[in-house]
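What follows is one structure encoded as structure tokens, with my remarks underneath.
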Amino acid sequence: MKIAVRLDDITESMDWPKFLRFKGLLDYYGIKPLLGVIPDCKDEDITGSNEGAPGDFWEYVRDLQKEGYSIAMHGVNHVYVTQKGGIFGLNRFSEFAGLSYDEQYESLSCGVDIFNGHDLITDMFMAPAHSYDMRTLYALKELGFSRITDGFGSRPYVYKNMTFYPISIWQGGALKFNRKGYCTFTVHTNTLDEADFKRYERMFEDHRDRFISYSDYLEVTPVKRGFAGALAERICAGLKSKLSLIKHMVSGS
Ligand SMILES: [Zn+2]
């Protein structure tokens, strides 16, 4: 399986030393990730040292995009205002799922305006907590989005006129069972500890041939997803939700 990488929670207030350390690792192995940039972050949990932060955040993001990094709009404020899981039901909280179409459209268009105001253009959306509903998809479509980084499966697929780029349900499994296809590893650099950095370094070193840049993933021709695929996806989401619950119980976090 070819593996692309996405980095969530990219914002001015994030922990820059951790982000830059992970970016350095990706640069070394020639992997260009997808960056989930939050237009107007109001999530106070995404914070950390400012050391090494660029003078102009937006210019920095634009430069990375020019270098070949892929960019997604990662919600708008990254604050959870409903207890809905939306289409996937992976988490029981959301910035969008459960709100009316008008509320969602208004919020999302604010995000787009902020991006455009900084000359940052993308047609890809990354939902905080993987939660969004059909109204989110319709509002996104109306605002010119056509790709979503989410879903399960072994290759990109089209559903409701949107192209979905699946994420990995289990990183260890994706590495161990080298099936055909593609997936995305989701990384939150802000919460990585020393052991995580070592684990990723070993992963990139041992599986050099498996990791690809996100822009290569975007080149893969998508398949059409019907009812059976959507059902399998619900099952995968339920399984991933249970897996992360077990992980939290074991780690006590
Ligand atoms: Zn996030």
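Order of listing sets the numbers, starting from 1, for every ligand and every atom in it. Since we're looking at a predicted model, the values are computed, not measured.
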Ignoring hydrogens and geometry beyond distance, is a side-chain donor-acceptor pair present between His74 and Asp9 at under 3.5 Å?
yes
Can you establish whether the number of heavy atoms outside Gln83 located under 6.0 Å from its atom CD is more than 12?
no
Got a sec: does the OH of Tyr60 have more than 12 other heavy atoms crowding it under 6.0 Å?
yes
Might you confirm whether atom NZ of Lys84 has over 12 heavy atoms from other residues, nucleotides or ligands at distances under 6.0 Å?
no
His78 atom NE2 and His74 atom NE2 as seen from the Zn ion (ligand 1), angle to 10 degrees
100°
At a threshold of 2.8 Å, where the distance has to be below it, does the Zn ion (ligand 1) have an N, O or S atom of His188 nearby?
no
Closest N/O/S atom of Asp9 to the Zn ion (ligand 1), by atom name?
OD1
